[in-house]
A.B. asks: 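Here you go, one structure.
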Amino acid sequence: MNSSELGRVVAAMLPFALAGVFVPSWTKYVIILLGSGRPLANASAFILGNAAFRFFLGVAVLLSFRINVVQDTTTNPPGGAHWYLVAIGLLLVGIGFYLIRKRPQDRDELPGWLRALERIKPWAAFVAGLAMMAAPGVQYVYFLGGMGVAVNSSLDSLTQFLLLLAFIAFLELMLLSPIVVFALGGGRSTAMMQSFKQWLGRNEFKVFGAIIGAFGLFLLYASF
């Protein structure tokens, strides 16, 4: 295994990993599930479903696809700027600006369908986690972009597969953090997570908008 090539690939995947790890809405769902009748089982099943879809999608990329991405953001790509990266970057910056300017939630009450999450069973939580990852959304840009870096490298298949597992594990960190707090915090964790859930409910659009906008700027920078 070429260690210098591995280091280059990891560095190129890092912006995609950092952009994809911050998921306030999904984190809020994990916190809600920790208030259910089977807190650890439901929350863990939700994250497992999320990770399972990423795993199967990543394996499909490794086996079947070759994604054209910028391999080295420090040099100009052949033929100049990639128009599709410019278009995606501008779109993400626009969406990010809109979400940041969006009026925050005025109340902390959860919609009925979110309150229903508190009453589901582990198998349903697993399906919910898988379905939310499978639904159309910007999560595909982060995940396929990062996998595109790995699959277009000169690394061997085993190393690419191990990178996939590491990539998925990193992307699940924010979702896992409430479970760690719940397991270690005892009675104090309930009040802490309730406060965090309310904060996310009021500010998730701004947080998500800032992340999307920053990633859009990165794509624009990488295009030239």
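Everything numeric in this text was worked out from a predicted model, so none of it was measured. The residues of the chain are indexed from 1 along the displayed sequence.
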A.B. asks: Are any of the side-chain heavy atoms of L165 and F55 separated by less than 4.5 Å?
C.D. replies: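 L165 vs F55: side chains touch.
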A.B. asks: Please lay out, stage by stage, how L48 and L130 fare under the test side-chain contact (heavy atoms from CB on, under 4.5 Å).
C.D. replies: CA-CA 8 Å; L48 184 60; L130 188 147; over 6 Å; no
A.B. asks: Distance-only, no hydrogens or angles: does the Y140 side chain make a donor-acceptor pair with backbone N or O of A134 under 3.5 Å?
C.D. replies: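 Between the backbone of A134 and the side chain of Y140 there is a qualifying donor-acceptor contact (under 3.5 Å).
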A.B. asks: Shortest non-hydrogen contact from A51 to I168?
C.D. replies: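 Scanning both residues, the minimum pair turns out to be CB-CG2, 3.9 Å.
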A.B. asks: Can you name the residues that form a side chain to side chain donor-acceptor pair (under 3.5 Å) with S4, not counting sequence neighbours?
C.D. replies: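 With neighbours one apart ignored, the set is N2.
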A.B. asks: Give the intermediate values and the outcome of side-chain contact (heavy atoms from CB on, under 4.5 Å) for residues V61 and L164.
C.D. replies: CA-CA 10 Å; V61 171; L164 166 64; over 6 Å; no
A.B. asks: Which value, rounded to the nearest 0.5 Å, describes the distance between L18 atom CG and M13 atom CE?
C.D. replies: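 Rounded to the nearest 0.5 Å, the CG-CE separation comes to 11.5 Å.
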A.B. asks: Rounded to the nearest 0.5 Å, what separation is found between the CD1 atom of I31 and the CG atom of L175?
C.D. replies: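 I31 atom CD1 to L175 atom CG measures 10.0 Å (nearest 0.5 Å).
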A.B. asks: Sequence neighbours excluded, which residues qualify as ring pair (Phe, Tyr, Trp, His ring centres under 6.0 Å) partners of F170?
C.D. replies: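 Result, ring pair (Phe, Tyr, Trp, His ring centres under 6.0 Å) vs F170: none returned.
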A.B. asks: So, for S153 and V9, which heavy atoms are closest and what is the spacing to 0.1 Å?
C.D. replies: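 Closest heavy-atom pair between S153 and V9: CB-CG2, 3.5 Å.
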A.B. asks: Determine, using ring centers only, whether F167 and F143 are less than 6.0 Å apart.
C.D. replies: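 Here the rings of F167 and F143 have centres that are less than 6.0 Å from each other.
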A.B. asks: Determine which pairs satisfy side-chain hydrogen bond (donor to acceptor under 3.5 Å, both in side chains) with at least one residue from residues 46-60, sequence neighbours left out, and list them in order.
C.D. replies: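 Sorted pair list: N50-R54, R54-E172.
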A.B. asks: Taking Q160 for the side chain and L155 for the main chain, is one N or O donor matched with an acceptor at less than 3.5 Å?
C.D. replies: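 At least one qualifying donor-acceptor pair exists.
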A.B. asks: With distance as the sole test, does N42 use its side chain to make a donor-acceptor pair with the main-chain N or O of I120 at under 3.5 Å?
C.D. replies: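 Between the backbone of I120 and the side chain of N42 there is a qualifying donor-acceptor contact (under 3.5 Å).
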A.B. asks: To the closest 0.5 Å, what do you measure between CZ (F46) and CZ (F126)?
C.D. replies: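 Answer rounded to 0.5 Å: 11.5 Å.
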A.B. asks: Distance check, rounded to the nearest 0.5 Å: L40 atom CG versus L33 atom CG?
C.D. replies: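 Between L40 CG and L33 CG, I get 11.0 Å after rounding to 0.5 Å.
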A.B. asks: Does V10 reach the side chain of L163, with side-chain heavy atoms less than 4.5 Å apart?
C.D. replies: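 Yes; the side chains approach each other to less than 4.5 Å.
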A.B. asks: Using atom types as modelled and distance alone, determine if a side-chain donor or acceptor of S44 lies under 3.5 Å from a backbone N or O of A41.
C.D. replies: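 Checked: no pair found.
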A.B. asks: Does the side chain of S157 come within less than 4.5 Å of L62's, by heavy atoms?
C.D. replies: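 Answer no - side chains too far apart.
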A.B. asks: Looking at every heavy atom in both T27 and P178, which two are closest together, and how far apart are they?
C.D. replies: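 That closest heavy-atom pairing would be CG2-CG, 3.8 Å.
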A.B. asks: Could you check if a side-chain atom of W26 sits within less than 4.5 angstrom of a side-chain atom of M174, using non-hydrogen atoms only?
C.D. replies: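 Side-chain contact under 4.5 Å: no.
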A.B. asks: Looking at CD of Q139 and CE of M133, how far apart are the two atoms once the value is rounded to the nearest 0.5 Å?
C.D. replies: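 That separation rounds to 5.0 Å.
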A.B. asks: Could you tell me the separation between the CZ atom of F16 and the CE atom of M147, rounded to the nearest 0.5 Å?
C.D. replies: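 One finds 12.0 Å between CZ of F16 and CE of M147.
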A.B. asks: Ignoring hydrogens, what is the shortest heavy-atom contact between P15 and A11? Give both atom names and the distance.
C.D. replies: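 Here P15 and A11 meet closest at CD-O, 3.3 Å.
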